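Report on the following structure.
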There are 2 protein chains.
Amino acid sequence: MTSTTPGNSRRRTHRKRAYAPRLPLAERREHLLDAALRVLAREGYDRISIEAIAKEAGVTRPVVYGAFDGLEPLLNHLLDRTQRRALDAVARFMPENPDLSDPDGFLLELVAGVIDAVRAEPEVWGPVLGLIQGAPAVVRDRIEGDRRAIRARFEHLLAVGLEIRGGPDLDVELLSHMIFVSVEHFGRLVLEEPERFTRERLVDGLAGLLAAVQPGPAPDGAAAGGDR
Amino acid sequence: MTSTTPGNSRRRTHRKRAYAPRLPLAERREHLLDAALRVLAREGYDRISIEAIAKEAGVTRPVVYGAFDGLEPLLNHLLDRTQRRALDAVARFMPENPDLSDPDGFLLELVAGVIDAVRAEPEVWGPVLGLIQGAPAVVRDRIEGDRRAIRARFEHLLAVGLEIRGGPDLDVELLSHMIFVSVEHFGRLVLEEPERFTRERLVDGLAGLLAAVQPGPAPDGAAAGGDR
DNA sequence: GTGCGAAGCTACAGCCCTGTAGGAAGTGCT
DNA sequence: AGCACTTCCTACAGGGCTGTAGCTTCGCAC
């Protein structure tokens with residue numbers, strides 16, 4: 001029997017919806033995260049909401065609230081899923097003790113690996129590379145933290161690589177920032193214009209630049225390197 | 001006399017607000033754009049709305065709607081104001097026919113100029129550099145268009161500069177992307193960590209890198225340059 | 001077959017915001 | 001002083017969304 005409350009004059013003009021199939025909590029959470037990813041890929045962060053995810057998943061909002069405490073925790077879980085894969089991929093390219101005997105070769109393999117990973121899982125790398133727009137603060141802050149950590153690790157490897165390479169004597173921190181944002185940009189170019197910016201073109205282009213960067217002392221006695 | 005409608009049982013419990021000073025339309029528009037900029041700087045794009053701008057300006061929403069047809073047109077006007085200054089600054093650094101007799105010197109002056117402009121007017125460059133978060137599509141699309149145009153012009157100058165420099169023989173389009181995102185990143189570093197990344201450090205760091213990039217043919221016969 | 005508990009749904013309350021009709025107030029001119 | 005016009009405000013209507021109380025339904029165990 002339908003209850004009515006004072007002031008509620010709306011009549012039930014629509015059939016009650018069928019119940020969604022019941023799922024254990026763990027399965028429901030994965031189901032909802034998959035739905036969230038589809039909404040995100042199709043409409044971006046601007047349009048993501050508990051309401052939109054519920055619709056995409058074919059359930060009602062209380063079901064979503066039963067699995068997550070709100071949009072922010074849900075997005076955090078989604079990031080847990082995708083960022084873990086991104087960080088795993090990065091860990092493969094930048095292991096703890098890499099073979100840096102050929103520093104230029106190492107960098108080129110790293111870049112090639114990043115490009116392959118980006119092409120293989122655009123749904124993982126899209127948010128990281130800022131290609132899914134309108135990200136809320138929870139997503140931006142999380143990704144920014146990951147980026148800082150990865151760049152710091154890269155800076156360390158770069159310092160070692162430049163030593164092995166015999167120079168040039170440069171501001172390693174600054175150089176790591178420049179290489180980092182360039183490689184990120186490679187990722188965006190590969191996703192946005194895959195036929196114009198092929199893997200080969202990007203890797204060859206970087207190889208050409210590395211070949212032009214002499215290890216010896218810069219003739220002008222340029223800036224000292226290293227952290228401040 | 002206050003009209004009442006069926007179902008409207010709320011009593012007027014608050015004093016009517018005093019009218020805001022009347023302004024001619026042109027002045028009102030500037031007044032509202034100033035208010036919008038303050039909301040933006042303080043709270044970001046996430047919190048910008050006609051409602052928030054009206055409150056900041058000390059008027060009601062119809063006054064804002066009287067000056068602009070909605071949030072999107074208002075933000076476009078704001079961008080008109082700020083992006084014009086940014087594009088003017090860029091035009092100073094990249095004139096139509098620059099003196100490229102010293103290409104490296106030209107690039108260093110350009111970067112120094114960008115850094116100075118960014119420090120001088122952070123409210124103009126913040127949105128351009130993605131430092132004001134949560135930008136809606138109208139802002140993103142507009143800035144993306146400006147970025148493409150600036151990078152394309154830079155690519156042209158880069159090609160000429162490399163010719164004059166005598167090489168190296170590199171993928172100019174790709175290199176222009178790399179330098180472009182690096183200089184943008186310099187802008188962000190300057191705003192986010194001004195004491196760690198001083199103007200001198202950034203310019204000297206880049207000078208050191210340029211000094212290490214030999215103009216002669218790369219020893220490995222690396223990638224051919226130029227547009228596809 | 002029945003009962004119980006878990007999972008899902010309806011309906012409600014509320015917030016924030018957009019956009020506008022019509023009235024109120026202020027200013028300038030005669 | 002009065003009138004007309006311009007600018008501003010109140011109140012209304014509506015959309016989108018969050019979050020939850022209490023009811024409904026389904027599935028499983030006995």
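Below, read A as the first sequence line, B as the second, and so on, with proteins coming before strands; counting in each chain starts at 1. In this text the structure is predicted, and so the values were computed from the model without any measurement.
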Is B/Arg17 near enough to C/dA25 that one of its side-chain N or O atoms lies under 4.0 angstrom from OP1 or OP2? no
Do A/Phe68 and A/Leu33 have side chains that approach each other closer than 4.5 Å (heavy atoms only, starting at C-beta)? yes
Ignoring hydrogens and geometry, is there a side-chain-to-backbone donor-acceptor pair from A/Arg201 to A/Arg196 under 3.5 Å? yes
Measure NZ/B/Lys55 against C1'/D/dC9 and give the value in whole Å, please. 15 Å
Closest to side chain of A/Arg61, choosing from D/dC9, C/dA11, C/dT20: C/dA11
Atom-pair distance (OH on B/Tyr65; P on C/dG19), nearest Å: 4 Å
What is the distance from CD of A/Glu72 to P of D/dG19, rounded to the nearest Å? 10 Å
Spacing of B/His31 atom NE2 relative to D/dC8 atom C1', expressed in whole Å: 13 Å
Do A/Arg22 and A/Arg28 have side chains that get closer than 4.5 Å, going by heavy atoms? no
Using a 4.0 Å heavy-atom cut-off, does B/Pro21 contact any base of the nucleic acid, only the sugar-phosphate backbone, or nothing at all? sugar-phosphate
Can you see if the side chain of A/Arg22 gets near the phosphate of D/dG27 - specifically, an N or O under 4.0 Å from OP1 or OP2? no
Reckon B/Leu23 touches a base, only the sugar-phosphate, or nothing at all at heavy-atom distances under 4.0 Å? sugar-phosphate
Starting at OH of B/Tyr19 and ending at P of C/dG23, how long is that distance when rounded to a whole Å? 12 Å
Considering heavy-atom distances to DNA chain C, does B/Arg47 or A/Ala20 have its closest nucleotide positioned more toward the 5' end? A/Ala20
Check B/Arg85 with B/Glu123, please: is the shortest side-chain N to carboxylate O separation under 4.0 Å? yes
Separation of C/dC17 C1' from B/Ile53 CD1 (nearest whole Å): 12 Å
Whole angstrom value for the distance that separates P of C/dC9 from CD of A/Glu51: 13 Å
Here the distance between atom C1' of C/dA7 and atom CG of A/Leu25, to the nearest Å, is 10 Å
Between A/Arg142 and A/Asp80, is there a salt bridge with N-O shorter than 4.0 Å? yes
Give B/Thr60 one of three labels, base, sugar-phosphate or nothing, depending on what nucleic acid heavy atoms sit under 4.0 Å from its own. base
